[in-house]
Amino acid sequence: MADTDIKTEVSEAQIAVHWKEEEYYYPSEKFIAQANLKDPSVLERFAPDKFPDCFREYADMLEWFEPYHTVLDTSNAPFWKWFVGGKLNASYNCVDRHLDNYADKAAYIFVPEPENEEIIHLTYEQLYARVNEVAALLRGLGLKAGDRVTFHLPMTPELPITMLACARLGIIHSQVFGGFSGQACGTRIQDSGSRVLVTMDAYWRNGSLIDHKVNADIAVQTAKEMGQEVDRVLIWQRYPAKYSSPTPLVEGRDVIMNDLLKDYAGQRVEPEKMDAEAPLFLMYTSGTTGKPKGIQHRTGGYLAYVTATSKWIQDIHPTDVYWCMADIGWITGHSYIVYGPLSCAATGVIYEGVPTFPEAGRPWRIAEKLGVNIFHTAPTSIRMLRKLGPDEPSKYNYHFKAMTTVGEPIEPEAWRWYYNVVGKGEAIITDTWWQTETGGFLCSTIPALQPMKPGSAGPGLPGIYPVILDENGDEVPPGSGRAGNLCIRNPWPGEMQTIWGDPQRYIDTYYRRYNRDNSSKDWHDWPYMAGDGAMQAEDGYFRILGRIDDVINVAGHRLGTKEIESACLTVPEVAEAAVVPVADEMKGRVPVVYIALKPGVPPSDDIVRRVVKANEELIGKIARPKFVYIVPDMPKTRSGKIMRRVLASISNRRDVGDVTTLANPGVVEEIRVMVQGQEKQVEAGEMPEDIAKFGQTE
Ligand code: WTA
C-alpha cells in the first residue's frame, strides 16, 4: 500500500512540471468593478517605447521629500540607478503619511499561535508611536544611517516595528529567517558587518514555546570566530515584562528591549531624508557557492515597485484585510507583508505560528474571525492544507476576493483546489513569479484585465519585458514548446542594487551569461538572467519550470546544495558529499544526500544522524535531508568530478543513461540497488527540467 502511495506521489510531482495547456478562468464583474487597476490603457502606458519613463507612475504613488531628476541612470551598467536625486523615507511612507486618514485603523492584527491568547490590533497611530520609540532607542545606542543591524526575529509585530525604526534612520536592516540556526545567523552577521543583533527571547511554534535567545549566543560566537564582534544583543520579550527564555543574559552585551524602551517613551524621531539610492535592507539568499549572498535593495525604486504591485496585482485597498502567510524573514514578507501593504495603508494580519496548528481549519478560522478578504500563500502550504483538511474551508464563513500564490510552480490540480475550495470560486488568483533579487512580482496576470491560467504565472507585469533565451543567447519564441532560460530584457525599479560586498558576483551571476558588450551603457545589452527555466505559450504566458542552477527550491525556499554539502563535510568521518534535488509531492523538491566515508571508516546510523544534525545546526531544520545514503564511492568522471546528475537520476527513478565513460561505472548499479532495491524502478516521463539541468553550472 505504501508503495502505491509513493508511486502516486512521484507521478503527481512529475505532472506538476509537465502539465499541458490549461483553460482560462475569468474574474467576476464584481471583482473588476472594485479593482484598483481596471483601465486597459495601462498596457499602452507601459509599452516598451515608454520605458523607463512609465515608472514615474510608480514613483508617484510615494511621497518624496525632494523630487528625483532622472528616472533611470545607466552610466555604471549593470549597476542601475533609479529615481536619481530623489529623497524619501520608507518608514514615513509606510506609517506617517497614513495618519491623517487612517490613524485609528489597524495596520496589523497579530494572531498568536496559541488559540486562547488574545489577538492584538495595532493601529497606524500605535505603530507610529512604537516605531518612533524604537528609532529613538537605536539612535540612543549610536546607530546611524548606513550602519547594518542584523535581526533574527520570529513572526510578531516587533519584527516590522524594528524594520521600520531602522528605515526611519537609514539603518540597513538584515533580517535572518527565524527558523535558521544560530550559526547561519552568525555567518550573515559577519558578512554584513553588523555590531548589533536584534532577537526575541522565545516564540510559539507547533504548540511549543521555543527558546530563541539561545541562538543569539551561538550567532555572536560564530560571528566572533569569523572576525566580527557584536557589541549588543537587543532582546524583545515575547511576553512584555517577562523573560521567557531559560538562556541567561550576557552582562554588558544583552539588553532587554522592553526595559530599555521605557527611557524613550513618547519620543519622536524625524525621518531621515534618504537618497532614493540609499540601501534599505539586505536579504541573504542561497546561490551556487557555499556562501549566501546579501541581496541589497535600494530605498526609492524598491518601495515604489512593491507599493505599485501590492496595489495593482494584489488589489490591496486601505479597506481590505490582507493576510500573507509567508514569514517576514523571506523576501515575500519584506515586500508583501511589510513595505508594500503598509505603503498602501492596508490592514495586515501577522500570524505567529504554523498554518496547520492545531489542525488544518486554523487559517480559515482566522480568516472568518478577522474578515480577511485577500489571502497570500505558497503552493506547499496549499498542498498541505488540502491534504490535511480538504473540506475545511467550506466550514467557515469567510469570503476572499483575491488570492496570491508565490515561490514554486503550482500544479493545476492544487490551483483548482485553491480556486474552488479556498476561494469558493469567488476569488481571483495571481500566480506571482519573482525572486529575492527582483524585489517584487515580475510575471503574473493583472487580475481585472488578464484571465488566469492554472499552472502559468502569466505575462510580464507592466514595464517588465521577459524573454526566454537559449544556450546561444537566441530568443526562444512564444508557442515553440521549447524551454530556455528566463531573462528580463530591461532593468526595473524593484531590482536589487548589488550583492553586499561582492559587486563582481552580481555581474557574474545575473549578467555575464547574456551580456552583449561589457563596456555598454545601453541597458538593451544587459539582459538579467533569473536562473529559472521556463516556457512561453503562444498567448505570452510564462510557465516556470524551476531552477537551472545548484539551488533547490524546498517548499518555496531556496537552499544552496553547496551549503548543505559543506555542512555534511563538517562530520569528520565524511570524505565526500553530494546533494541532489528529488521531486516531492508536498514540498516540490527535497534534498537527498549521498556521502562517502574516509578510508577504513565503517558506515553507521550514528554518522547519518550526525550528518542530519550538522545540517540542522549549520543551516536550519528546513535543510534537513529527506534521505542520507552512505555509498562505497561517488560516481565520478575520469577527472574526478562527482556526477551529481547520475545520483539525481537514481533518486528520481529515471534511467541513468550511459555511464560507461565514468571512472567507476560499477558503483552506479550498486548505488541504484541501495536506493531503489534490486528491482529497477523507472518512472515514466522525462525528468523535470530543473532536475535534468541540475549540476550544469558546476
Ligand atoms: C521560484 C521567492 C514558479 C523560482 C519570491 C525563483 C516560482 C525562486 C514562483 C525565487 C512562481 C518563485 N512559480 N516558481 N510563481 N515564484 N519561484 O528568492 O525558482 O525565495 O527563482 O523568492 O522561486 O525564490 P526566492
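For ligands, and for the atoms within them, numbers begin at 1 and follow the listed sequence.
- Between Glu495 and Tyr528, the side chains place no donor N or O within less than 3.5 Å of an acceptor N or O (distance only, hydrogens not considered).
- Within 4.0 Å of ligand 1, protein heavy atoms come from Ile331, Thr332, Val406, Gly407, Glu408, Pro409, Asp431, Thr432, Trp433, Trp434, Gln435, Thr436, Asp532, Ile544, Arg547, Asn553, Arg558.
- Of the N and O atoms on the side chains of Thr377 and Tyr418, not one donor lies less than 3.5 Å from an acceptor on the other residue.
- Under the 4.5 Å side-chain criterion, counting only non-hydrogen atoms from C-beta, Tyr305 is not in contact with His297.
- A donor-acceptor pair shorter than 3.5 Å can be found between the side chains of Tyr302 and Ser335.
- Without hydrogens or angle criteria, Arg589 side chain to Pro581 main chain gives no donor-acceptor distance under 3.5 Å.
- In this structure, a donor-acceptor pair under 3.5 Å is absent between the side chains of His334 and Gln175.
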